[in-house]
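Beneath this line is the structure, given in structure tokens, with notes to follow.
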There are 2 protein chains.
Amino acid sequence: MAKQPTTSELEILNILWEKECATVREVFEIISETKSITYTTVLKLMQIMTEKDLVEREEQGKAHLYRAKIAQTETQKGLVSELLEKVFRGSAMQLVQHLLETKKTSPQEMKEIRKMIQKAEKEAKNE
Amino acid sequence: MAKQPTTSELEILNILWEKECATVREVFEIISETKSITYTTVLKLMQIMTEKDLVEREEQGKAHLYRAKIAQTETQKGLVSELLEKVFRGSAMQLVQHLLETKKTSPQEMKEIRKMIQKAEKEAKNE
DNA sequence: TGACATCTACGAAGCAGTTCGTATATCATC
DNA sequence: GATGATATACGAACTGCTTCGTAGATGTCA
């Protein structure tokens, strides 16, 4: 399995996944709304991420345009299964249980989760 | 929120939670079944964990007896909500969805998860 | 009591992630 | 073409985690 991105990298990836592509300045603007950080720090992070092949960049004019190179879904799956193993030793049920207790999950959301599971159960039967 | 334990610390905590209490040697024996590591490394980790107040120790005779000082449930909850925020921006549904896709969740386990959610839904109604 | 096994204490190295300062390149525009 | 704003490149410091070697304390038993 591929190595998981760090916390800072994930923060940047989240922005890139949402915006499709972005310059360092754009990423910097968004992050600095919630966090004190300098422009060059974000730049350096994104340069390192380029080396690691987490993102790719296109050199258009002065500023480079960055794009995520790893898929959001795959990354999320990887992080979930890591947590599942490390913290719950593989017990998906325990994970969900804590999830429901932790967050004040809205009734609406709960309903959706239940539907999703019922759908998954049905599909499992038909295979 | 309290700082989350690191990966190595969690590995040790899992053992202490299961065994109630243990010496460094016992922890070392268990970890070294699956991983190449020296005795003093485990010792050092557990000493640091003592400083951090993650575990406490009782000095009985030569070897110290260690015990987890933080609760398993609380730690698990903390780690889940951290993941929920960082990776899914708070969407519990997305997390569960990836969970079901990632792991080949057994039909039995799926059924249990569904029951758990239905129970949670019922309880939410009665409040 | 002396030798040996086993324990704790502790310093230090190595590595990865994060942060920032400074140097240098590039572009627009006057 | 000089100036200023804005970009990238890069080195370096700092921190925290992990790992291990060595030194010294402690208990056991012949």
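Quick note: numbers below take in every heavy atom, side chains included, and nothing from hydrogens, waters or symmetry partners. So you know, we letter chains A, B, ... as the sequences are listed, proteins then strands, and number each from 1.
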Length of the line joining B:His64:NE2 and C:dA9:P, which is rounded to integer Å: 5 Å
Option among B:Gln108, B:Arg114, B:Lys115 that satisfies the side chain to side chain donor-acceptor pair (under 3.5 Å) test with B:Glu112: B:Gln108
Distance, rounded to the nearest Å, where B:Leu65 contributes CG and C:dT8 contributes P: 10 Å
Distance in angstrom units between B:Ile12 CD1 and D:dC17 C1', rounded: 12 Å
Value in whole Å for how far the P atom of D:dT26 lies from CD of B:Glu59: 11 Å
Distances for protein N/O vs nucleotides 2-6 of chain C N/O pairs under 3.5 angstrom?
residue, atom, partner, partner atom, Å
C:dT6, O2, B:Lys62, NZ, 3.0

side-chain N/O B:Arg57 vs C:dC7 OP1/OP2, d < 4.0 Å: no
Partners passing salt bridge (charged side-chain N to carboxylate O under 4.0 Å, His left out) against B:Lys122 (at least two apart in sequence or in another chain): none
Distance (rounded to the nearest 0.5 Å) between B:Glu109 CD and B:Met116 CE: 10.0 Å
Rounded distance (Å) that lies between atom C1' of D:dT18 and atom CD of B:Glu51: 15 Å
Donor-acceptor pair between A:Gln47 and A:Glu51 side chains, under 3.5 angstrom: no
For B:Glu18, salt bridge (charged side-chain N to carboxylate O under 4.0 Å, His left out) partners two or more places apart: A:Arg89
Interatomic distance, A:Leu83 atom CG to A:Gln4 atom CD [nearest 0.5 angstrom]: 11.5 Å
Residues that A:Lys62 engages under salt bridge (charged side-chain N to carboxylate O under 4.0 Å, His left out), provided they are two or more places apart: none
Every protein N/O within reach of nucleotides 16-24 of chain C N/O, cut-off under 3.5 Å:
residue, atom, partner, partner atom, Å
C:dG17, OP1, A:Lys3, NZ, 2.9
C:dG17, OP2, A:Lys52, NZ, 3.4
C:dT18, OP1, A:Ser8, N, 3.4
C:dT18, OP1, A:Ser8, OG, 2.9
C:dT18, OP2, A:Thr6, OG1, 2.7
C:dT18, OP2, A:Ser8, OG, 3.4
C:dT18, O5', A:Ser8, OG, 3.2
C:dC20, OP2, A:Thr38, N, 3.3
C:dC20, OP2, A:Thr38, OG1, 3.3
C:dC20, OP2, A:Thr41, OG1, 3.0

Under 4.0 angstrom between B:Gln47 side-chain N/O and C:dC10 OP1 or OP2: no
Pairs involving residues 39-80 of chain B, ordered by first then second residue, that meet ring-ring contact (aromatic ring centres under 6.0 Å, His included) (sequence neighbours left out): B:Phe28-B:Tyr39
